[in-house]
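Worksheet: the structure to be examined is printed underneath.
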Amino acid sequence: MTTHVVTGVLALLLALVHAGMAPRATVGGHALAALALLVVTGAIGRYFYAFVPRAANGRELALEEVQARLAQLSSGWDRENRKFGERVRARVHELVVAGHWRGSFLKRVSGLLRSQRDLRQALAELASAGLAEGVPADQIRETLELAKRAHRATLAAAHFEDLRALMGTWRYLHRWVALYMVLIVVLHIVAALRYANFGALAP
Amino acid sequence: MRISHPKLWLGLLSLAVVVAIVLYESEETSPGPLTRVHASVPELVERGSCERCHGDGEVTLAQACSDCHEAIGQQLADRKGFHGALDAQKAQACGACHGEHHGDALAPVDARVFALAGVADRAAFRHEFVDWRLVGVHERLECSKCHRNADVAVLANGASRFLGLEQRCASCHEDPHKGQFEERCDSCHGQDSKFTDLANFVHTDELPLRGAHASITCAECHPKGSDRSVEAVGGRGPKQVARTCQDCHESPHTPAFVVAAAAQLGLAARASCVDCHSIERKGFAVPKEDFRRELHAATGFRIDRPHEQVKCEACHTSYGSDVPFPRRYPGRKQDDCAACHTDPHAGQFADERGAQPACVACHALEGFAPHRFDVAKHAATAFPLEGRHVESRCEDCHVREGEAPRQFAGTKSRCESCHADVHGASFYATVAGGQRDCESCHDPASFDAEHGFDALAHSKRTGFELAGAHERAQCEACHIRGETADGEGRRFGRVAELFGKPADACATCHADVHAGDFDVKGLPLSVEGRQTCERCHTVESFSDRKHGFDHGQWTWFELVGAHARAECDTCHKETPRKPVVAGGRQLVAQRKLGLVADAITPKNAPACAVCHKDVHGGQFDRSGQPVTVEGRAGCARCHSQESFAVGARESYDHTRWTSFALEDRHATAACEACHVPTNAAAKGLPKLGRSAGTRCADCHSDPHAGQFNARACEDCHRSAESFATLVFDHSRDSRYALDSNHVKLACSACHKPWPIAGGREAVRYKPLGTTCVECHGFEKGKND
């Protein structure tokens, strides 16, 4: 977790205390709402951020690097039950191929969420089928974990540009919310300095 | 980046939106909603109106507030009033106490605000802090009583919460006198008491308010609107003069009482009130200790016996209450007892029209008890008192049933209405028709009954005919008189109660002296129709056995022989029996003829030994002797009932019973020769004594004076024919064999009589010498 995230979350908590846990519809209250909105957009952005393939140091990977990682994962399939593993592998491939993302921001969001939903359903069906065929439970669990990683790697390779574009758009929104929050906080501080005596008696 | 690049326009558009929103927000910098009172002022709620309250750089917050709250601003300027008395620095910081921008959640003036101003409790606010000291009733008033808007949440425009009041009474209080008095309010009224208490008012000297007058309200004497109202007597009009008691008080007393009382006091009637009703005393009522008995007589009712110790409240039950005077003191007559006292007789003496006789007709005026209704007055009733009734107490006949009054009227005059039937309905049931006729036996005056209760009456009323010994007996023999009377006053006992049995059986009074011997199974229950005791006895006499007594039938012991000739008491001795006590007395405890043996029953055959003593001392009942002889047992083995002696000796087998056969001389010898008669016969014992034994020496004396003591007689005298016939071989049986010379000699030639002890003589047989010289002697020369 970066300093960016930590200061954002702490700022919201401190602002709530400053508002006495009872914000009102005033400039100060609006500043608190803007800060809360900023934290929320940040949290969603962190979700999208997780799908962009990165190196251990956070650097975004190039497509070639993603494809190499995917190939490395393929070797793992042979260690498990071959027949069950082949079927899982085919199903993951089918999921990635079947997803058609569009070019707009909302459609990319929709495509990402839908692919995750389809993956959960497919893994649940494969787990039930594996148990019915007598595949040991620990072997099913390992195979499905491998399938998750393979799906994410395959998704990153297949929608490499879509994911980067999605992240870029979301970052744009987050920055404008941050600007609004800063301005209105400044306004709140100026008004307080102007009219309030902060409890001190008048001179 | 080109000017036409979408990202540029999109960025500018976004910036514009953000700036627009911030600018809009900059016009709404209020930190919260205003209180309702401030929010109701349009100038304070419009945009950009912050400076109206907060001022600007040159106008302070206090100055801005004072622009609207001028009165408070004046207080601050004059250093007066609540705000003027505050600390100067605190007084300038309006917002320090009166919070804003919290809407209705924070009232501009409430307890919190007072607390911030140093008044922890508004109700305890010291009003002199604002130069107006509250005392008395004012001190206890709620703030809102004077400051109408003290608790109003939102003041009307222009209204004041605490300010604006004056310190004149009339500014708050309405003048009840409508301005008719010239004096100031506080010349009569004070703050320390109620308005009607007139704390500062002093009544006129003509009628100083003391005693009862001190506690009444003005309006009680000075009713509003009357010519005696407060305004009429104390206002600007002419003053009234002093008056007498009757001018204000209405007298409840009768004129006769007032005149009589005044005459006793020597006062005029109008001025006599004060003798009893002192003005110094609170209340019009006269204390009991102040009311003289003589005055009570003036009412027509003297206080003497028995009322002299009675408390007032006993007669005047409403004494001290607020009920009207005529009800408290109704003026009763001296002899009208019923006016106060409840008729304890519950109207029993009322006549047909319901009129009651005067109580004093029977009771003295001085007291209810003792009454004065004597025998002479009782004679006027339907039941004149005579005899022992004169001695009776009233309550003996006139009883009370529970809580009901004692009954006088309608008291029944029949004996049984007052007297319990001590005879337990025994006599009453036998009289025809069930009517009790006590007087047929008892004297109404003395209750003496014996004059009319003879044997005939006894038979008639009790069903028990008195005849024979019963007729001759005293009444108490059966009806035992107790020493003390029972609960019914009766001492003459009933047979059934005394003995616990029906009176129609002999056994009720008489103990069965035979102890049930004649009521055992097997004996007749009836003899010629007679039962129980009457099978043998009659009522004439117990000992008169008129019907005879079959001893064999009743006792299974037929009397024959000597038994038939014997007197009864020969066998049936007079025997003390265990006393039988019944009904507190001892019944016949002894009978003349005792039982032969209590153990005689058909199963236990009669035995001679029951009556007769065994004179043989059991000699014939020893082991080995026959139990029966020809079927006869016991004494009958030898004796018959005809006679003890006759036949017994003749049939006596001496050998069988004694093992000593009587032979030769013994067979012919008289019994008395061996069985020497003793003087025991005089004591009822047999004439023949017991023999000394079966040895010869037991009966016969020893002629040899004990010389053969070690040998038995029959060793020599074997023949029973004669004592002199010997079976003795001198050569064998003695130490001296007889030679031919001596054998010829007579025994006496050698055995000669020899003196023995006691001066008697006996033929000497031993010891004798065996040498010649011991018999023949020594002859000189011949024997040498």
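We name chains A, B, ... by the order of the sequence lines, and we start the count at 1 in each one.
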What's the shortest heavy-atom distance between A/Y180 and B/I21, and which atoms?
CE1-CG2, 3.1 Å

So, does A/Y195 use its side chain to make a donor-acceptor pair with the main chain of B/S30 at under 3.5 Å?
no

So for B/S14, is it side chain, backbone, both, or neither that comes closer than 4.5 Å to the heavy atoms of chain A?
both

Tell me if the CZ atom of A/R194 is crowded by more than 12 foreign heavy atoms within 6.0 Å.
yes

Sequence neighbours excluded, which residues qualify as salt bridge (Lys or Arg N to Asp or Glu O under 4.0 Å) partners of A/R164?
A/E60

Interatomic spacing from CD in B/E25 to CG in A/L187 - rounded to 0.5 Å:
7.0 Å

Counting only heavy atoms not in B/R36, do more than 12 sit closer than 6.0 Å to its CZ atom?
no

Please indicate whether B/E128 has more than 12 foreign heavy atoms, meaning atoms of other residues, nucleotides or ligands, lying under 6.0 Å from its CD.
yes

Is the closest side-chain heavy-atom distance between B/L15 and A/L179 below 4.5 Å?
yes

When you compare the side chain of A/W176 with that of B/V17, does any pair of heavy atoms fall below 4.5 Å?
no

Does B/H102, at its NE2 atom, have more than 12 non-hydrogen atoms belonging to other residues, nucleotides or ligands within less than 6.0 Å?
yes

Nearest heavy atoms of A/R24 and B/P33, plus distance in Å:
NH1-CD, 3.8 Å

For B/E142, does the CD atom sit with more than 12 other heavy atoms under 6.0 Å from it, leaving out its own atoms?
no

